[in-house]
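Working notes, beginning with the structure itself.
Start at 1 and go down the list; that is how both ligands and their atoms are numbered.
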Amino acid sequence: MNEKVFKILQSSKDYISGQEISKKLNVSRQAVWKAINSLKQQGFVIDSVTNKGYKIIDYPKSLNKQVLDNILETEFIGKNMIVLDTIGSTNDYLKVLGHKDGKNGTVAAAREQTAGKGRLGRKWVSEKDENIYFSVLLRPQLSPMEVSGITPVAGLAVCKAIRDYCNIDCKIKWPNDVIVNNKKLVGILTEMSAEFDAVEFIVIGIGINTDQTEFPEEVKSKATSLYLETGKKIDKNKFLSLVLKHLETELTKSNYKINETNLEDYKNLCATIGRKVTCCKGGRKIKGTAINVNTRGELEVESEDNSLITVNSGEVIIQGIY
Ligand code: BTN
């Protein structure tokens, strides 16, 4: 009912009376009134004027399904949009759907996560309405080998969306963090269920620091938010819708890979190339300079003894970046 009343309010240019809405939907005035109150509780500002009716004059600041459904411009990502007030982890939520009949492109976004997960078993602190937390369920018909570049592609898409929406000079810290002024703005955690030669599903979980102003002591010098960088609070719904659009474009364009369609873009936005790095390879610590990202999405490092090393996973410490 809320959705139907929202659609009518949204599509009417001027005030519309409760009576007219109830007639259109063939429901009681009481039911319309209840739906309007529920929309107000979600954060819609709805003006009501005697003898004229109702009109939406402002939208929720927090993530909202009605608003997102209305503004999404994608073909499949987010067509099934789930917005949760609170959840343990949006990745875990979608993994359950992945094992069942969750549709390709389903998005689960949450206003709060109580058990948000970071990479390498770390926590991802996810306070209510402070930042954006969401995951995307994908079912590409590819082998696990063929999707090894999917997280960097997602990083590229989010980096482009932020540059587009906020006009800031953010970059990618190889393989997939998005950074600005050498501090982390976005984290991505990809999880997969697969057989030897076929992916069953992939969940890409993305956390974007939007409004946060204070960080725990241990990450204070390493993390930032869009608000701290720009001094502006963004519209979370509009911004998420743009991120999903970029994600869909980048993933479909490259068929989920780092390849000739996106490698130049990736390299141009990659802050790691040209920096001094320390990486772990076969249990050995190697110092050198990052010189390239290759077509497999691996980082190429020229070591101090002039040998060429490729790195494809694990932690790389980059001088000057957290
Ligand atoms: C990282 O450590 O950099 C990855 C952080 C990923 C956080 C996001 S928030 C939405 C999704 N749900 C989770 O539990 N984690 C990811």
Query - salt bridge (charged side-chain N to carboxylate O under 4.0 Å, His left out) assessment of D129 paired with K236 - result: CA-CA 9 Å; D129 295 330; K236 290 196 180 69; 5.8 Å; no

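- Taking the six-membered ring where tryptophan is involved, the planes of F6 and F44 are tilted, since the angle between them lies from 30° to 60°.
- Distance from atom 2 (O) of ligand 1 to its nearest protein heavy atom, with residue and atom name: R119 N, 2.7 Å.
- Short contacts between ligand 1 and F134, defined as distances under 4.0 Å to a heavy atom of the residue, involve ligand atoms 10 (C).
- Checked for salt-bridge contact, K79 and D69 miss the test: no charged N lies under 4.0 Å from a carboxylate O.
- Taking 4.0 Å as the cut-off between side-chain N and carboxylate O, K65 and E3 do not count as a salt-bridged pair.
- Using a 4.0 Å cut-off between a side-chain N of Lys or Arg and a carboxylate O of Asp or Glu, K253 and E250 qualify as a salt bridge.
- By the criterion of a heavy-atom distance under 4.0 Å, neither the backbone nor the side chain of R122 is placed next to ligand 1.
- The closest protein non-hydrogen atom to atom 3 (O) of ligand 1 is K184 NZ, 2.5 Å.
- The shortest heavy-atom distance from Q113 to ligand 1 is under 4.0 Å.
- Atom CD of Q19 has 12 or fewer heavy atoms from other residues, nucleotides or ligands within 6.0 Å.
- Side-chain contact, E229 with T224: a donor N or O sits under 3.5 Å from an acceptor N or O.
- Checked against a 3.5 angstrom limit, the closest N/O atoms of W124 and ligand 1 fall outside it.
- Of the heavy atoms in L120, none comes closer than 4.0 Å to ligand 1.
- At a 4.0 Å heavy-atom cut-off, ligand 1 touches I188 through the backbone alone.
- Every atom of ligand 1 with a heavy atom of G116 under 4.0 Å away is listed here by number and element: 14 (O).
- Cation-pi geometry between K233 and Y227 is met: the NZ or CZ atom falls under 6.0 Å from the ring centre, inside 45° of the normal.
- The contact set between ligand 1 and S135, taken as ligand atoms under 4.0 Å from a residue heavy atom, comprises 11 (C).
- Ligand 1 places these atoms under 4.0 Å from at least one heavy atom of T90: 10 (C), 11 (C), 12 (N).
- Under a 4.0 Å criterion applied to the non-hydrogen atoms of K117, ligand 1 contributes the atoms 5 (C), 6 (C), 7 (C), 13 (C), 14 (O), 15 (N), 16 (C).
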